[in-house]
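Everything numeric here is computed off the predicted structure, so don't read it as measured data.
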Amino acid sequence: MTIVKPSFSGGSSPLCSLKGSLLTVAILTCVSLFYLSLNSLRTSPPSPVVVDSIQVPQTFAKEDIGGESTEEVNYSDVYHSPGSFRLNYAEMEKRFKVYVYPDGDPNTFYQTPRKVTGKYASEGYFFQNIRESRFRTLDPEEADLFFIPISCHKMRGKGTSYENMTVIVQNYVDGLIATYPYWNRTLGADHFFVTCHDVGVRAFEGSPVLIKNTIRVVCSPSYNVGFIPHKDVALPQVLQPFALPAGGNDVENRTTLGFWAGHRNSKIRVILARVWENDTELDISNNRINRATGHLVYQKRFYRTKFCICPGGSQVNSARITDSIHYGCIPVILSDYYDLPFNDILNWRKFAVVLRERDVYNLKQILKDIPHAEFVSLHNNLVKVQKHFQWNSPPIKFDAFHMIMYELWLRHHVIKY
């Protein structure tokens, strides 16, 4: 039997026509998606991409980080989350507002700083900068946070006793609570005070409600004695003005392994001096270098040292840390329980050596075991963060004032009315 196949002359099958149309649409769709993906890769900003546990570094344009050109710089080594920092910082600059209570006589303990020099310059600069900045508002109804402008440093300068300080602080805050409605909305959770002098911390501790509820911006953030990292803010202790220009990009000049000179006013400093004072590779002095030995001898030693030892003093903090950063000497932190300034933003282990106090006995070997390439990387990263540890008047983008404001901006988001 012969099977005769049907003839389809005179036009194609409707089924074939449908398949052809679907194939054409599919091809066009794939081409379109490929084009859009390619275009997206060309135009979107760079972001971290993890491939086999290797992170592709994120870059900022210099105009985003305070520079003058659009040249890209790799900042992923010094920030925990560069993208989040850049975006949140920009949002802060647009929206953040702080109301400064106007109460109190500026000629006594309120409103204005005692001075903007010396060991407690950070407190003075903040008092001055907040009035020079775009963040201050004269309308309390639009404020995100409220600044309590009482200066314990000024009290100290006028010889006020600690006992009287606590009374003055308590009376001032009680007056604000009675006069304004804002404290009672959150029981003070959207209020903050700033103090760098350690006696200021003690003065505010006379008011338990201040310690429990308000945001404390302090130079001595020891989290084993009441400092709460997610609520309070570590204020960098900066000894300004600096005696000499900033160091950096000068690793070939740094031939001394380690350096420290200071008073033995803490247990860790006593041990440091006792163990290493006579060492030939570590430059350890029992006391601050006498000015009679030469002009700015102490500061000049930072320039020729690789690692500057920063043990805690009477408190966990030390202005020597920011001195080291300014002069380009990698700080070696020897202070337990110290919540380092901007620790939730900056990765300190990328530009500093963070040790436990018990590591002091092995200090020299620890520093000698750091490879030269790692030392160079730490030094280069240190130069990147110098601007964050310097005060200016008026304040400038990304300086110490703006970093403190950024920390406050992050904390104001957790406050519920």
Exercise. Residues two or more places apart in sequence or in another chain: which of them pass side-chain contact (heavy atoms from CB on, under 4.5 Å) with Glu93?
Worked result: Tyr89, Arg134, Lys397, His402

For this session: Using salt bridge (charged side-chain N to carboxylate O under 4.0 Å, His left out) as the criterion, list what pairs up with Arg136, not counting sequence neighbours.
Result: none

Problem set entry | Residues in salt bridge (charged side-chain N to carboxylate O under 4.0 Å, His left out) contact with Glu357, at least two apart in sequence or another chain | none

Problem set entry | Arg254: partners by salt bridge (charged side-chain N to carboxylate O under 4.0 Å, His left out), with sequence neighbours left out | Asp250

Problem set entry | Any pair counted as salt bridge (Lys or Arg N to Asp or Glu O under 4.0 Å), so long as it reaches residues 255-278, sequence neighbours left out | none

Problem set entry | Qualifying residues under ring pair (Phe, Tyr, Trp, His ring centres under 6.0 Å), relative to Trp260, sequence neighbours excluded | none

Problem set entry | For Phe401, ring pair (Phe, Tyr, Trp, His ring centres under 6.0 Å) partners two or more places apart | Phe126

Exercise. Tell me, which pairs form a disulfide (SG to SG under 2.5 Å) where one or both residues lie in residues 86-120, sequence neighbours left out?
Worked result: none

Exercise. What residues, two or more places apart in sequence or in another chain, satisfy ring pair (Phe, Tyr, Trp, His ring centres under 6.0 Å) together with Tyr327?
Worked result: Phe302, Tyr303

Exercise. Does Glu281 have any salt bridge (charged side-chain N to carboxylate O under 4.0 Å, His left out) partners at least two apart in sequence or in another chain, and if so, which?
Worked result: Lys364, Lys368

For this session: Applying ring pair (Phe, Tyr, Trp, His ring centres under 6.0 Å), name anything that partners Phe389, two or more places apart in sequence or on another chain.
Result: Phe342, Trp348

Exercise. Taking only residues at least two apart or on different chains, which pairs with a member in residues 226-244 satisfy salt bridge (Lys or Arg N to Asp or Glu O under 4.0 Å)?
Worked result: Arg216-Asp232

